[in-house]
Amino acid sequence: MTAVKIKPRLPKGMRDFLPNEMLKREYVFDIVRQVFHLYGFEPLQTPVLELKETLMGKYGEDAEKLIYHAQHPGGKEEVALRYDLTVPLSRVVALYENEIALPFKRYQLSPVWRAERPQRGRYREFYQCDADIVGIASMSADAEILGVVVTALRRLGFQQFSVKINNRKLLTAIGQYAGVPRDQLGDLYRSVDKFDKIGADGVRKELLERGIESEAVARMMELIQARQPGLSSLDYAEEMMGNFPAAQEGIRELRELAGHLADANIPPQFYEFDFTMVRGLGYYTGPIFETVITEPNLGSVTGGGRYDDLVGLFRKESLPTTGTSLGIERIIDLMDILNLYPPDIVGTVVQVLVSVFNDDTRRDSTRLAAELRAAGVNTELYLQDKNLGKQFNYADKKRIPLVAVLGPEEIAAGAVKLKRLNDGAEMTVSRGQVGAKVQEMLG
RNA sequence: GUGGCUAUAGCGCAGUUGGUCAGCGCGUCUGGUUGUGGCCCAGAAGGCCGUGGGUUCAAAUCCCACUAGCCACCCCA
């Protein structure tokens, strides 16, 4: 053995999740999964690695630089770690077109990798929870996606949030209306997207700095400043830009979407039309969505939209597709900050600690643990050789709710003493009914 | 990728203009309490002050580089 140890470290932006944290993560995953099932989505799993040709050219130039490349020495295939779950889905749909019945409603809870500089709420390995509907052009599909988002967030305990809805077609029309040349559209969108952060004046300033004509900036500002509640914003947009075909189409879609949302009983306080919301990824073609929880601001917690052309990159004919991604990492960070976890998930899965009185009684404790497990109770048998006080201490620290004491007295009486740690209540019960009594004491 | 801030015990921190500055709180361990945790009391362990150079009689303290983390920008979940 050498004296030099390797420093235990992690790659930048990657994390371990210790049991305490995993319990919380799984709680969130479970709720999200339930909601996906509730809306009729079914699970899909794809490999961590994709062929480079599958990933390249889908996300835009900037995003592509963040793709992790994964080669082994002498490898013949060019492979990379997946960057999101949307492109793999499109690949799957194209690959199994004869086996998949449309509409294809799938969800996937999986890690993705992006070589970004880590920050709060931003990691290099992080889980996304995607739900998408392939094969439906109608806005009813988009409405279902928004229903999933709103339901999942509400079930997780978020009270105040707003899903912002915009449309790529409308953004195109806004650019046309303002008279901004094509090569400046990116700059235009990037600035407009910051409206919430830097305000109207900030956007105006930035647009001018980016060299966009002052006349175009003025027309632009007139448009985006007129943000109005509910559907009146759509009326306003139509009034202003109604003679642009892209605007007509975009507004028609959003009207249709609004109708479906109302029919589906999605409470209107949870969504709004916001023409300043822009999504960066290149593949969106229609309605786009994003959810921001403003207090505290950790960036967007969901993002999605319609991408009718993406499947078409993998086969002759494309398929209309819409979907969303829940940013589970940011949701988890917010759950902690806002204290949204139910009290019983913190600590441990163990319901009862079976203590061991002394060496002579260990066999009895082992049998008791077996009986409890057979009765379906999550049971930990104390495996060390320490006095009762230490064993209670251990249970207390691990937040195990009940301790079973099986000393000579109990053994002689064919009984078990159960103690509930949060209030100190004790109950001596016969061995035969210990499973039922444990459930009773756990309430 | 660009800029800024930070780095002292397991965790959170203090350390004044270089000279008892190696400390505090929490946690851990031991005992008070060998059939019962939390609270209290007493005690103990634990640090090459991120790493490597430099300045100086003297560096946790000043300078440089590196590394890591955080924040902002970019972008995004």
(request) Using a heavy-atom cut-off of under 4.0 Å over every strand shown, decide if Tyr127(A) touches base, sugar-phosphate, or nothing. (result) nothing

(message) Treating Arg82(A) as the side-chain partner and Thr46(A) as the backbone partner, does any N or O pair qualify as donor plus acceptor under 3.5 Å?
(response) yes

(message) Which is more 5' along RNA chain B, the nucleotide nearest Glu329(A) or the one nearest Gln119(A)? Just name the residue.
(response) Gln119(A)

(message) Rounded to whole Å, how long is the line connecting atom CD1 of Ile331(A) with atom P of rA77(B)?
(response) 13 Å

(message) Suppose you measure atom C1' in rG52(B) against the same atom in rA59(B); what distance do you get, rounded to whole Å?
(response) 15 Å

(message) Taking any heavy-atom pair under 4.0 Å as a contact, classify Thr302(A): base, sugar-phosphate, or nothing.
(response) sugar-phosphate

(request) Can you tell me, in whole Å, how much space there is between the C1' of rC5(B) and that of rG47(B)? (result) 24 Å

(message) When you measure from the side chain of Glu64(A) to the backbone of Gly57(A), do you find a donor-acceptor pair of N or O atoms at a distance under 3.5 Å?
(response) yes

(message) Mind checking if Gln391(A) touches a base, just sugar-phosphate, or nothing, with heavy atoms under 4.0 Å?
(response) nothing

(request) Return yes if the base of rC70(B) and the side-chain atoms of Arg122(A) contain a donor-acceptor N/O pair under 3.5 Å, otherwise no. (result) no

(message) Quick check on contacts: within residues 34-57 of chain A, what sits under 4.0 Å from RNA chain B by heavy-atom distance?
(response) none

(request) Nearest whole angstrom, please: distance from the P of rA77(B) to the CG of Asp132(A). (result) 13 Å

(message) Suppose you measure atom P in rG3(B) against the same atom in rC66(B); what distance do you get, rounded to whole Å?
(response) 12 Å

(message) If I pick the C1' atom on rC62(B) and the same atom on rG18(B), what distance separates them, to the nearest angstrom?
(response) 7 Å

(request) Could you state the atom-to-atom distance from NZ of Lys65(A) to P of rG1(B) in whole Å? (result) 11 Å

(request) Please report the shortest heavy-atom distance between Leu208(A) and Ser214(A), naming the atom on each side. (result) CD2-CA, 3.9 Å

(message) In this structure, how many angstroms lie between the P atom of rA77(B) and the CG atom of Asp193(A), rounded?
(response) 11 Å

(message) I'd like to check Asp142(A) versus Phe289(A) (side-chain heavy atoms, cut-off strictly below 4.5 Å). Are they in contact?
(response) yes

(message) Need to verify one output field. Residue with the more 5' nearest nucleotide on RNA chain B, Lys386(A) or Arg117(A)?
(response) Arg117(A)

(request) Please step through salt bridge (Lys or Arg N to Asp or Glu O under 4.0 Å) for the pair Arg306(A) and Glu253(A), ending with a clear verdict. (result) CA-CA 11 Å; Arg306(A) 180 165 278 279; Glu253(A) 287 178 353; over 6 Å; no

(message) Between the side chains of Arg330(A) and Asp333(A), is the shortest nitrogen-to-carboxylate-oxygen separation below 4.0 Å, so that they form an ion pair?
(response) no

(request) In plain terms, say whether Lys58(A) and Asp84(A) are close enough for a salt bridge, that is, a side-chain N and a carboxylate O under 4.0 Å apart. (result) no

(request) Return the stems involving RNA chain B, sorted by first number, where pairs are Watson-Crick (N1-N3 with N6-O4 or O6-N4) or G-U wobble (N1-O2 and O6-N3), both under 3.5 Å, and runs are 3 or more long. (result) B:1-7 with B:67-73, B:10-13 with B:23-26, B:28-32 with B:40-44, B:50-54 with B:62-66

(message) Filter on salt bridge (Lys or Arg N to Asp or Glu O under 4.0 Å), then keep only pairs touching residues 171-189 of chain A, sequence neighbours left out; what's left?
(response) Asp187(A)-Arg190(A)

(request) Quote, to the nearest angstrom, the P distance that separates rU51(B) from rG10(B). (result) 13 Å

(request) Please check if the side chain of Asp308(A) supplies one atom and the backbone of Thr321(A) the other of a donor-acceptor pair under 3.5 Å. (result) yes

(request) Produce a footprint string for nucleotides 33-38 of chain B: one letter per nucleotide, 5' end first; B if the base is under 4.0 Å from any protein heavy atom, S if only the sugar-phosphate is, - if neither. (result) --BBBB

(message) Between rG53(B) and rA14(B), how many Å separate the two P atoms, rounded to a whole number?
(response) 28 Å

(request) Write down the distance between CD (Gln128(A)) and C1' (rC76(B)), rounded to a whole number of angstrom. (result) 10 Å

(request) Taking all heavy atoms of Ser233(A) and all of Phe273(A), pick out the closest pair and write down the distance. (result) OG-CB, 3.8 Å

(message) Suppose you measure atom C1' in rA9(B) against the same atom in rG35(B); what distance do you get, rounded to whole Å?
(response) 37 Å

(request) State, to 0.1 Å, how close Gly435(A) and Ala375(A) come at their nearest heavy-atom pair, and which atoms those are. (result) CA-CB, 4.1 Å

(request) For residues 36-51 of chain A, pull every pair meeting salt bridge (Lys or Arg N to Asp or Glu O under 4.0 Å), keeping only residues two or more places apart or in separate chains. (result) Glu50(A)-Arg91(A)

(message) Between Lys24(A) and Glu21(A), does any side-chain N to carboxylate O distance fall below 4.0 Å?
(response) no

(message) Taking the P atom in each of rG25(B) and rC70(B), what is the distance between them to the nearest angstrom?
(response) 29 Å

(request) Ignoring hydrogens and angles, tell me if any N or O in the side chain of Tyr382(A) forms a donor-acceptor pair with the backbone of Gln391(A) under 3.5 Å. (result) no

(request) Could you state the atom-to-atom distance from CD of Glu116(A) to P of rC71(B) in whole Å? (result) 14 Å

(request) Kindly state which residues belonging to residues 434-443 of chain A come within less than 4.0 angstrom of RNA chain B, counting heavy atoms of the residue only, listed by number. (result) none

(request) Round to a whole Å and report the spacing from NZ of Lys197(A) to C1' of rC76(B). (result) 11 Å

(request) Return the orientation label for the Tyr284(A) and Tyr307(A) ring planes: parallel under 30°, perpendicular over 60°, tilted otherwise. (result) perpendicular

(message) Nearest whole Å is fine: how far is rU67(B) P from Lys12(A) NZ?
(response) 9 Å

(message) Using every non-hydrogen atom in the two residues, find where Leu85(A) and Pro88(A) come nearest and quote the distance to one decimal.
(response) C-CD, 3.6 Å

